[in-house]
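Read through the structure below, which is laid out as C-alpha cells, and then see the notes.
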Amino acid sequence: MKVKSIRGFRDILPEEIKRWHFIEEKCRKIFEKYGFSEIRIPILEQTDIYTSGLGDTSDIVSKEMYTFEDRDGTSITLRPEGTAGVVRSFIENSMGKKSPVNKLYYSGMMFRHERPQKGRYRGFNQMGAECFGSESAYCDADIISMLWSIFSELELNNHVKLEINSIGTSEDRAKFREELVNYFEPQKDNLCDDCKRKLDTNPLRILDCKVETCLTTIGKAPSILDFLSIDSKNHFEKIKFLLEKIDIPFTVNPKIVRGLDYYTDTVFELTTDKLGSQNAVGAGGRYDVLVKQLGGPDTPAVGFAIGLERLILLHEQVFPEEYRQNVDIYVASLGEKALNEGIYISNILRKQGLNVEYGFDKKSFKSQLKRANKINAKYTIIIGEDELDRNVFKLRNMKLSEEKEYSLDEIENFINLIS
Ligand code: HAM
C-alpha cells in the first residue's frame with residue numbers, strides 16, 4: 001500500500017510552520033485590537049445551513065460541498081466556509097440577547113471540492129471575522145479597516161488592492177437581474193457555456209466570469225450601482241467617505257458580486273497580482289438577512305475571511321527569508337555520565353524559559369555541533385567526561401565561534417550568563 005494525501009489536501013510542514021505562526025499571531029492581535037473574540041465552531045454541520053444560507057445556485061452548494069450521510073441518515077457537510085456556522089452558533093446560543101453587538105473571529109480548515117491548482121485547494125485554511133448587530137456604515141468601514149490593517153501590519157499593503165461594491169437590497173438586485181438578462185440574452189452566443197447556464201440560474205455571477213471571450217460583453221453590461229435604492233446608495237457613499245477619512249485606498253468595482261447568495265449591500269475583495277489566477281486573498285461583505293433566514297432574530301451582520309494559504313504564498317514572495325524555529329541552546333554531551341548531566345541541565349534551562357535541544361543520540365561532538373549549526377542554535381553547551389571531572393561546561397557562542405568555560409554551579413543562573 002502506498003500512502004498518499006487526498007488530492008487537493010496538503011500538509012503544513014515543520015519548515016513552513018513558523019511563518020504560519022507569525023501570520024496567525026499577527027491576525028489574532030489585530031482582531032483583538034478591534035474588539036473581536038475567538039469562536040471555535042465544529043467542522044461538520046447539518047447540510048441545510050449551507051444549502052439555505054449560501055444559495056442553491058452558488059458554485060459551493062451546487063458542486064463543491066463534501067456532503068455525506070451520518071450514521072442516523074442526517075445529511076451533514078464539511079464546512080465550505082465559516083460564516084454560516086458562526087451564524088448557526090450565534091442563533092443557537094442566543095448571542096443577540098446577551099449583547100447588542102457580537103464580534104467574533106475564527107480560524108480553521110474549510111473544504112471545497114474545487115479543481116486544485118496553485119493557491120486553490122480542496123482543504124484550505126481561513127481566518128475570518130463576523131460582526132453581528134449593527135447595520136451602520138461605520139461598522140462596515142471598521143471591518144474593512146481591520147482587514148486592511150492585517151495586510152499593513154504584515155507590510156503587504158503595497159501588494160494588494162482593495163475593491164468594494166454595493167449589491168443593494170434584494171429588490172434592487174431583482175430589478176438589476178432583469179436588466180442584465182435583457183442585456184445578455186441577445187448576445188448569448190458571445191458567452192462561455194458557464195455564463196450561458198448562469199443566465200438562467202444566477203445572471204449576476206456572469207459579471208465575475210474571467211473567461212477572456214466573455215470580458216468584452218461583460219465590460220459593457222449595466223452597472224448595479226445604477227439600480228441602488230436611496231438607502232443603499234447612502235450607505236455605500238458613507239463607507240467610501242469613511243475609508244477615505246481613515247486613509248484606506250480602495251477602488252469601486254461594480255463587477256464584484258461575490259459567489260455566495262447571502263450578501264446584501266456592501267461587498268469587497270482584496271486581490272493581489274502576485275499569485276496568478278487565484279488572486280483573491282480575502283473577501284467579505286454585509287449579510288443582513290442571513291441570521292433571519294437561518295431561523296434567528298432579524299440581525300444585520302458583516303464580515304470577511306482571509307485565505308491563509310494564499311496569504312502565506314504572498315508573504316513568502318515578498319519576504320522570502322526563512323522563518324525558523326528559535327532554538328536558544330543545544331546541549332551536546334558525550335559519555336554516559338555526561339549524557340545524564342545533559343538531560344538534567346536541559347530541563348533546568350527550559351525552566352528558565354529557554355528553547356533547548358538535547359543531543360541524546362550518543363553521537364560525536366563533531367556531529368552534534370553540526371546539528372547545532374543546522375538548527376541555528378544561538379549557543380551550544382558542551383559537556384564531556386573531562387568537563388564533568390572538572391565540574392565545568394563549555395559554552396560556545398555559535399555566531400562568534402567562541403568558547404568559554406564556566407563552573408557547572410552556574411547552570412542555576414544560566415540565563416544571566418547569556419543575557
Ligand atoms: P470566499 O470568498 O468564498 O468567502 O473565501 C474567502 C477567501 O478564502 C478567498 O478570498 C480566498 O482567499 C480563500 N479561499 C476560498 N476558496 C479557496 C480554496 N479553494 N483554496 C484556497 N483558498 C481559498 C467566504 O468564505 C465568506 N465566508 C467570507 C465572509 C465572511 N463573508 C462574510 N463574512
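Each ligand, and each atom within it, is numbered from 1 in the order the structure gives.
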So is there a nitrogen or oxygen of [X] less than 3.5 Å from a nitrogen or oxygen in ligand 1?
{"X": "Y263", "value": "yes"}
{"X": "Y106", "value": "no"}
{"X": "Y121", "value": "yes"}
{"X": "Y262", "value": "yes"}
{"X": "G82", "value": "no"}

Angle class for the [X]/[Y] ring planes (parallel below 30°, perpendicular above 60°, tilted otherwise)?
{"X": "F36", "Y": "F31", "result": "tilted"}
{"X": "F414", "Y": "F393", "result": "tilted"}
{"X": "F22", "Y": "Y323", "result": "tilted"}
{"X": "F360", "Y": "Y358", "result": "perpendicular"}

If we ignore angles and hydrogens, is there a donor and acceptor under 3.5 Å between the side chains of [X] and [Y]?
{"X": "R371", "Y": "Q368", "answer": "no"}
{"X": "T57", "Y": "T201", "answer": "no"}
{"X": "S58", "Y": "D261", "answer": "no"}
{"X": "N279", "Y": "T272", "answer": "no"}
{"X": "Y34", "Y": "S145", "answer": "yes"}
{"X": "E81", "Y": "T83", "answer": "yes"}
{"X": "S52", "Y": "D48", "answer": "no"}

Considering only the protein, which heavy-atom contact is closest to [atom], and what is its distance?
{"atom": "atom 19 (N) of ligand 1", "answer": "E114 OE2, 2.6 Å"}
{"atom": "atom 14 (N) of ligand 1", "answer": "F124 CE1, 3.5 Å"}
{"atom": "atom 2 (O) of ligand 1", "answer": "R258 NH2, 2.8 Å"}
{"atom": "atom 5 (O) of ligand 1", "answer": "Q126 NE2, 3.2 Å"}
{"atom": "atom 27 (N) of ligand 1", "answer": "E81 OE1, 2.6 Å"}
{"atom": "atom 21 (C) of ligand 1", "answer": "G119 O, 3.2 Å"}
{"atom": "atom 13 (C) of ligand 1", "answer": "G307 CA, 3.5 Å"}
{"atom": "atom 9 (C) of ligand 1", "answer": "A280 O, 4.0 Å"}

Q: Only heavy atoms count here, so choose which of R310, R122, E130 is nearest to atom 33 (N) of ligand 1.
A: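 Heavy atom nearest to atom 33 (N) of ligand 1 belongs to E130.
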
Q.
Residue-level breakdown please: for V281 versus ligand 1, do any non-hydrogen atoms fall below 4.0 Å on the side chain, on the backbone, on both, or on neither?
A.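 Contact part for V281 vs ligand 1: backbone (N, CA, C, O).
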
Q: Would you verify whether the NZ or CZ of R10 falls within 45 degrees of the ring axis of Y121 while also being under 6.0 Å from that six-membered ring's centre?
A: yes

**Q.** Within-shell test, L308 vs ligand 1, heavy atom, strictly < 4.0 Å
**A.**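 No, L308 has no heavy atoms under 4.0 Å from ligand 1.
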
By number and element, which atoms of ligand 1 are closer than 4.0 Å to a non-hydrogen atom of [X]?
{"X": "F304", "value": "29 (C), 30 (C), 32 (C), 33 (N)"}
{"X": "G284", "value": "31 (N)"}
{"X": "R120", "value": "19 (N), 20 (N)"}

